[in-house]
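Written out below as structure tokens is the structure these notes cover.
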Number of protein chains: 2
Amino acid sequence: MKQAIQVTVDIVVFTIRDEALQILLVKRGVAPFLGRFALPGGFVRDDESLEQAAQRELLEETGTKNIYLEQLFSFGDLGRDPRGRVVTVAYYALIPSDRAPLVAGTDAAEAKWFSVESLPILAFDHRRIVDYALSRLRGKLEYTTVGFELLARKFTLSDLQHLYEVILNRPLDKRNFRRKIEAQKVLKPLKEWQRTGRKPARLYSFKTT
Amino acid sequence: MKQAIQVTVDIVVFTIRDEALQILLVKRGVAPFLGRFALPGGFVRDDESLEQAAQRELLEETGTKNIYLEQLFSFGDLGRDPRGRVVTVAYYALIPSDRAPLVAGTDAAEAKWFSVESLPILAFDHRRIVDYALSRLRGKLEYTTVGFELLARKFTLSDLQHLYEVILNRPLDKRNFRRKIEAQKVLKPLKEWQRTGRKPARLYSFKTT
DNA sequence: CCAAAAGTGTTAGGAGTACACCCATGG
DNA sequence: CCATGGGTGTACTCCTAACACTTTTGG
């Protein structure tokens with residue numbers, strides 16, 4: 001049994017920028033799909049686990065470490081890569097808004113943030129992967145605290161609500177939202193106020209304990 | 001870039017037998033882990049998708065087709081297979097109780113059903129895969145109708161409740177359970193009664209429409 | 001007639017949702 | 001003083017959970 005299957009990881013990197021949920025895409029410099037935008041990713045090396053491969057790609061493409069990373073799904077249909085048989089293990093990652101690089105990528109490849117509401121046509125089956133990541137993120141937002149991974153260490157309740165609103169793409173009621181967050185008992189009110197804007201807003205941090 | 005990664009699929013095949021949630025395991029006839037039980041599975045061929053590979057294995061090991069199959073997770077840690085670098089895409093499958101083969105497997109390998117409450121020590125990292133499958137199945141049971149995939153075409157409400165009870169491993173209130181199922185509007189009451197037992201029980205079927 | 005499983009309603013508490021006004025600040 | 005976003009409570013609905021007795025049959 002000699003397989004000719006190659007294994008890659010691709011990563012849907014989310015952040016919040018300009019009041020929108022955005023993902024990082026890189027412009028391909030080689031065929032196939034030359035000039036098209038694609039998800040950051042690459043081949044898994046023989047001496048690294050799948051998660052290590054995803055973390056390495058993340059560091060190479062964004063310079064960020066220690067951020068939330070979760071495996072999504074594996075895509076292995078025939079013909080999804082015209083060069084040959086490629087199985088991709090997809091991940092998604094969440095970069096806090098204060099740590100998202102302005103222009104990402106250390107190498108020559110052009111990397112750019114796109115709002116999920118206005119994505120270009122993507123290479124390969126990457127559009128499917130993005131859609132999958134979006135539905136996973138939306139689902140998890142409702143019953144976990146993943147959302148906090150997209151915020152800076154200190155944030156206001158309005159920041160948090162806007163985060164939920166851009167991800168879920170619908171307005172939320174302010175009082176109900178605050179009650180729901182309150183009930184989770186995961187926020188620590190700080191003795192600091194954000195004095196930008198009009199009335200100062202209390203800052204909170206996420207309880208890691 | 002020449003990878004030496006092999007890709008396999010492994011399947012956690014569930015069924016309900018003897019009032020218990022059981023999974024299918026095969027005894028390994030070769031090293032490593034010779035004599036240990038392992039999940040059914042095998043290498044993905046170059047000319048089949050991941051899902052096709054899982055379906056083929058399922059047919060080979062159990063003789064069943066057209067059953068519920070869902071991808072779980074991919075496992076690719078270093079050293080998980082002493083023979084070399086192997087990435088496994090794990091699936092789980094649900095076989096209706098009236099279609100589960102008594103003694104599974106058409107080839108020489110010994111295959112056997114085990115209650116999930118009393119599993120033997122498994123080969124590789126298959127115990128982790130089983131635990132993952134179990135938590136996925138339990139989770140999905142609560143907010144989807146996957147449970148129906150484990151029942152025969154006609155069943156009583158008690159059958160359905162017992163199914164939920166053995167999977168969730170806790171007793172459920174009969175009246176609340178029936179109300180909840182009722183609310184889903186997915187059952188079609190049949191004009192047939194199961195006359196085994198004492199008082200005859202109404203039979204139902206799952207609305208596929 | 002008895003054992004065994006089938007079938008059936010009500011109540012209380014908690015979660016989610018809809019909804020409107022006052023407050024503190026900077027300009 | 002006014003524009004802007006910060007902050008707060010109440011009522012209704014719906015879902016969940018607790019709980020016990022009668023019915024039908026086979027042996």
Side-chain angles (χ1 to χ4, degrees), chain A residues 16 18-20 97 138-145 147-148 151-152 154-206, chain B residues 16 18-20 97 138-145 147-148 151-152 154-206:
Chain A
I16 303 286
D18 305 333
E19 315 258 299
S97 23
R138 286 183 177 135
K140 281 220 152 185
L141 202 62
E142 312 261 22
Y143 67 97
T144 69
T145 56
F148 295 105
L151 287 177
K154 300 173 182 180
F155 51 86
T156 67
L157 291 178
S158 293
D159 291 337
L160 185 59
Q161 182 172 349
H162 292 144
L163 167 76
Y164 273 70
E165 288 177 333
V166 298
I167 296 178
L168 299 176
N169 203 23
R170 63 186 159 93
L172 299 173
D173 180 86
K174 206 194 327 185
R175 283 167 291 187
N176 294 340
F177 179 79
R178 285 167 186 235
R179 195 184 359 261
K180 185 184 183 138
I181 297 295
E182 171 80 25
Q184 293 176 225
K185 297 184 196 302
V186 289
L187 289 194
K188 186 164 51 193
L190 302 177
K191 291 195 183 62
E192 294 177 65
W193 280 261
Q194 187 180 73
R195 303 187 55 78
T196 151
R198 308 306 175 142
K199 179 173 178 178
R202 177 144 216 162
L203 286 166
Y204 291 80
S205 71
F206 182 55
Chain B
I16 302 287
D18 306 332
E19 316 257 300
S97 22
R138 286 182 177 137
K140 281 219 152 185
L141 202 62
E142 311 260 23
Y143 67 99
T144 69
T145 56
F148 295 105
L151 288 177
K154 300 173 182 181
F155 52 86
T156 67
L157 291 179
S158 293
D159 291 339
L160 185 59
Q161 182 172 348
H162 291 144
L163 168 75
Y164 273 71
E165 288 177 334
V166 298
I167 295 178
L168 299 176
N169 202 24
R170 63 186 160 93
L172 299 173
D173 180 86
K174 206 194 326 185
R175 284 167 291 186
N176 293 339
F177 179 79
R178 284 167 186 235
R179 191 177 8 254
K180 184 186 185 135
I181 296 295
E182 170 81 25
Q184 293 176 225
K185 295 184 196 304
V186 289
L187 289 194
K188 187 163 50 194
L190 302 176
K191 290 196 184 61
E192 294 177 66
W193 279 260
Q194 187 181 72
R195 302 187 56 77
T196 151
R198 308 305 175 141
K199 180 172 176 178
R202 179 143 214 164
L203 286 166
Y204 290 79
S205 71
F206 183 55

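Chain naming here is simple, since letters A, B, ... match the order of the sequence lines and numbering starts at 1 in each.
In this structure, the separation between CD1 on B:Ile16 and CG on B:Asp159 is 10.5 Å, given to the nearest 0.5 Å. Note: B:Arg202 CZ to B:Gln194 CD = 13.5 Å, rounded to the nearest 0.5 Å.
When each of A:Pro200 and B:Lys174 is assigned the nucleotide of DNA chain D with its nearest heavy atom, A:Pro200 is the one assigned upstream, toward the 5' end. Along DNA chain C, the nucleotide closest to B:Leu157 and the one closest to B:Arg198 are compared, and the more 5′ of them pairs with B:Arg198.
If you measure from atom CG of B:Asn176 to atom C1' of C:dT10, you get 11 Å, rounded to the nearest angstrom. Note: CZ (B:Arg178) to P (C:dT10) measures 17 Å, nearest angstrom.
When side chains are defined from C-beta on, B:Leu168 counts as touching B:Glu142, because their heavy atoms get closer than 4.5 Å. Between B:Pro200 and B:Glu192 the shortest side-chain heavy-atom distance does not fall below 4.5 Å.
Taking a heavy-atom distance under 4.0 Å as the criterion, the stretch of DNA chain D touched by chain A extends 5' to 3' from D:dT4 to D:dT10.
For the residue pair A:Ser97 and A:Leu151, the shortest heavy atom distance occurs at OG-CA, 4.2 Å. Of all the heavy atoms in A:Phe177 and A:Leu157, the pair that sits closest is CE2-O, 4.0 Å.
Residue side chain A:Arg175 reaches the base of C:dA20 through a donor-acceptor N/O pair under 3.5 Å, judged by distance alone.
Using the six-membered ring where Trp is involved, A:Phe148 and A:Phe206 have ring planes that are parallel, under 30° apart on the 30 and 60° scheme.
For C:dA5, the OP1/OP2 oxygens have no side-chain nitrogen or oxygen of B:Ser158 closer than 4.0 Å.
Remark: the backbone N or O of A:Leu172 is paired with a side-chain donor or acceptor of A:Glu165 at under 3.5 angstrom.
Within a heavy-atom distance below 4.0 Å of DNA chain D, no residue of residues 180-195 of chain A is found.
The residue B:Arg179 sits close to a base: some heavy atom pair falls under 4.0 Å.
Side-chain proximity of A:Lys199 to the nucleotides C:dG26, C:dG7, C:dC23 is greatest for C:dC23.
Looking at residues two or more places apart in sequence or on another chain, you find no ring pair (Phe, Tyr, Trp, His ring centres under 6.0 Å) involving A:Tyr204.
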